[in-house]
Enquirer: 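Have a look at this one.
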Amino acid sequence: MTDTLLISKADNVTTLTINRPAVRNAVDQPTMDALRAAIEACEHDGTRCIVIAGAGGAFSSGADIMAALQSGGTPNDVYRVLTESYGPTLLSIRQSSWPVIAAVDGVAAGIGSDLALACDLRLVSSKGRFSEIFIKVGLIPDGGGTYSLPRLIGLGRAMELMLTGAMVEAERALAWGMANAVFDEANFANDVQAYAATIAAQAPLALTRGKQAMLAAQNDQSFADALRREAEFQREIFNSEDGFEGFQAFLQKRPPVWKGR
């Protein structure tokens, strides 16, 4: 692990904080590799929800371009880093069993924006903002932005953001569907923790199968495909030890006790 990624755990929530405030949390390969390893470690350690955040008032300003230039990277080096490090890290978010929340306090630009978009939910502080800034340096999104953004806000708006690199402030991000909630920056960390803890307290199998079903349904050819998958997962849950616990707890007027199996 690297000191550029801080890990904390509370209430079955694991918070992964990119810790490079001097460069507004611009990411390099070691940081992205550490992030992937930390996400994968959450599979079986009691985590029920993951939060990705940034230190020092920024989420992530994108890739650390200065570090890349100083290393004298070639086009093939860039391709290797994208396919062997950045891409697998972003994919690990989608493949994680648990819900992943981006806590966007300050700027999320370039691959920092794509990192937030790859998460299942985005909670944004009142000073949070997004930019697909790649066009400003003659590039295209390379963190899955061409996939994630149009699915969240529609093709027309996504195309506009890609072609202009325009900044999207918190309230507009909320109105467009990029953000799920906007919290005041003064109490942002506490609000995010409370939100994540509420999710983490839900039935584990419902969290994992629900996420899996909803993401898979984005590629379904028909409504019937989604219905079949939902029925299969529902049968799996009812056959588990948690099975009817939610119903029984409701009838007995007590909090459910989830085992996650």
Enquirer: What donor-acceptor contacts under 3.5 angstrom involve side-chain atoms of residues 244-261, with partners at least two apart or in another chain?
Expert:
from, atom 1, to, atom 2, distance (Å)
Glu245, OE1, Arg254, NH2, 3.1
Glu245, OE2, Arg254, NH1, 2.6
Glu245, OE2, Arg254, NH2, 3.2
Glu245, OE2, Val257, N, 2.9
Gln252, OE1, Arg254, NE, 2.7
Gln252, OE1, Arg254, NH2, 3.4
Arg261, NE, Glu241, OE2, 3.1

Enquirer: Can you name the nearest heavy-atom pair linking Gly56 to Pro21, along with the distance?
Expert: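 Closest approach of Gly56 to Pro21: CA-CB, 4.4 Å.
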Enquirer: Please lay out, stage by stage, how Ile52 and Cys119 fare under the test side chain to side chain contact (heavy atoms under 4.5 Å, CB included).
Expert: CA-CA 9 Å; Ile52 300 177; Cys119 294; 4.1 Å; yes
Enquirer: List the atom pairs, donor and acceptor, that lie under 3.5 Å between side-chain atoms in residues 97-115 and the rest of the protein, sequence neighbours left out.
Expert:
from, atom 1, to, atom 2, distance (Å)
Ser97, OG, Glu43, OE1, 2.7
Trp98, NE1, Cys42, O, 3.3
Trp98, NE1, Glu43, O, 3.4
Trp98, NE1, Thr47, O, 3.4
Asp105, OD1, Ser125, OG, 2.7
Ser113, OG, Glu132, OE2, 2.9
Asp114, OD2, Gly143, N, 3.0
Asp114, OD2, Gly145, N, 3.4

Enquirer: State whether the side chain of Lys211 and the backbone N or O of Asp120 hold a donor-acceptor pair below 3.5 Å, judged by distance alone.
Expert: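 No, because the side chain of Lys211 does not come within donor-acceptor range (under 3.5 Å) of the backbone of Asp120.
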Enquirer: Do Leu90 and Leu35 share a hydrophobic cluster (ILVMFWY, side-chain heavy atoms under 4.5 Å, transitive)?
Expert: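 Leu90 and Leu35: one cluster.
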Enquirer: For Ser240, which residues count as a side-chain hydrogen bond (donor to acceptor under 3.5 Å, both in side chains) partner, sequence neighbours excluded?
Expert: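 Listed in chain order: nothing, the list is empty.
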Enquirer: Run the side chain to side chain contact (heavy atoms under 4.5 Å, CB included) check on Leu16 and Val51 step by step: do they pass?
Expert: CA-CA 6 Å; Leu16 309 175; Val51 174; over 6 Å; no
Enquirer: Listed by chain and number, what are the salt bridge (Lys or Arg N to Asp or Glu O under 4.0 Å) partners of Arg20, not counting sequence neighbours?
Expert: Asp28, Asp64
Enquirer: Can you find a heavy atom in the side chain of Glu40 that is under 4.5 Å from one in the side chain of Pro88?
Expert: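 In short, these two side chains do not touch, never coming nearer than 4.5 Å.
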Enquirer: Does Arg36 have any side-chain hydrogen bond (donor to acceptor under 3.5 Å, both in side chains) partners at least two apart in sequence or in another chain, and if so, which?
Expert: Asp33, Thr89
Enquirer: Main chain of Ala37, side chain of Ser92: is a donor-acceptor contact present, judged purely on distance under 3.5 Å?
Expert: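 No, the answer is negative, given that no donor and acceptor are paired below the 3.5 Å cut-off.
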Enquirer: Between Val23 and Ser61, which heavy-atom pair has the shortest distance, and what is it?
Expert: O-OG, 3.0 Å
Enquirer: Count I, L, V, M, F, W, Y as connected when their side-chain heavy atoms are under 4.5 Å apart, and connections chain through other members. Are Leu121 and Val13 then in the same cluster?
Expert: yes
Enquirer: To which residues is Met214 joined in a hydrophobic cluster, defined by side-chain heavy-atom contacts under 4.5 Å among Ile, Leu, Val, Met, Phe, Trp and Tyr, whether direct or through other members?
Expert: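 Besides Met214, the hydrophobic cluster comprises nothing; the residue is isolated.
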Enquirer: Is the backbone of Glu185 close enough, under 3.5 Å, to the side chain of Ser126 for a donor and an acceptor to pair up by distance?
Expert: yes
Enquirer: Using the rule that two of Ile, Leu, Val, Met, Phe, Trp, Tyr join whenever any of their side-chain heavy atoms come within less than 4.5 Å, decide whether Val182 and Phe188 are in one cluster.
Expert: no
Enquirer: Going by the side chain to side chain donor-acceptor pair (under 3.5 Å) test, which pairs reach into residues 191-203, not counting sequence neighbours?
Expert: Asn187-Asp191
Enquirer: With Thr31, which of Asn25, Asp3, Asn19, Ile18 fulfils side-chain contact (heavy atoms from CB on, under 4.5 Å)?
Expert: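 Output: one option passes, namely Ile18.
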Enquirer: What residues, two or more places apart in sequence or in another chain, satisfy salt bridge (Lys or Arg N to Asp or Glu O under 4.0 Å) together with Asp45?
Expert: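 Salt bridge (Lys or Arg N to Asp or Glu O under 4.0 Å) check on Asp45 returns Lys9.
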Enquirer: Look at the side chain of Thr208 and the backbone N and O of Leu205, then say whether any donor-acceptor pair between them is shorter than 3.5 Å.
Expert: yes
Enquirer: Count I, L, V, M, F, W, Y as connected when their side-chain heavy atoms are under 4.5 Å apart, and connections chain through other members. Are Ile39 and Met32 then in the same cluster?
Expert: yes
Enquirer: Judged by atom type as modelled, is there a donor-acceptor pair below 3.5 Å linking the side chain of Asn180 to the main-chain atoms of Leu123?
Expert: no
Enquirer: Run the side chain to side chain contact (heavy atoms under 4.5 Å, CB included) test against Ala217 and tell me which residues pass, sequence neighbours left out.
Expert: Asp220, Ala226, Arg229
Enquirer: With sequence neighbours excluded, tell me which residues meet salt bridge (Lys or Arg N to Asp or Glu O under 4.0 Å) with Arg24.
Expert: none
Enquirer: With a 4.5 Å cut-off on side-chain heavy-atom distances among I, L, V, M, F, W and Y, is there a chain of contacts connecting Ile50 to Ile7?
Expert: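 Yes, Ile50 and Ile7 fall within the same hydrophobic cluster.
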Enquirer: Under a 3.5 Å distance rule, please check whether Asp184 uses its side chain to pair with a backbone N or O of Ala186 as donor and acceptor.
Expert: yes
Enquirer: Salt bridge (Lys or Arg N to Asp or Glu O under 4.0 Å) with Asp242: which residues, sequence neighbours excluded?
Expert: none
Enquirer: Given side chain to side chain contact (heavy atoms under 4.5 Å, CB included), test Tyr86 with Val27 step by step and report yes or no.
Expert: CA-CA 9 Å; Tyr86 288 28; Val27 295; 4.2 Å; yes
Enquirer: Would you please test Leu5 and Thr17 for side chain to side chain contact (heavy atoms under 4.5 Å, CB included) and show each step?
Expert: CA-CA 6 Å; Leu5 186 73; Thr17 303; 5.8 Å; no
Enquirer: Determine all donor-acceptor pairs shorter than 3.5 Å in which one atom belongs to a side chain in residues 149-178; sequence neighbours excluded.
Expert:
from, atom 1, to, atom 2, distance (Å)
Arg151, NH1, Tyr147, O, 3.1
Thr164, OG1, Glu160, O, 2.8
Thr164, OG1, Ala166, N, 3.1

Enquirer: Grab the two heavy atoms, one from Gly46 and one from Asn12, that are nearest each other, plus how far apart they are.
Expert: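 Closest pair (atom of Gly46, atom of Asn12, distance): O-ND2, 2.9 Å.
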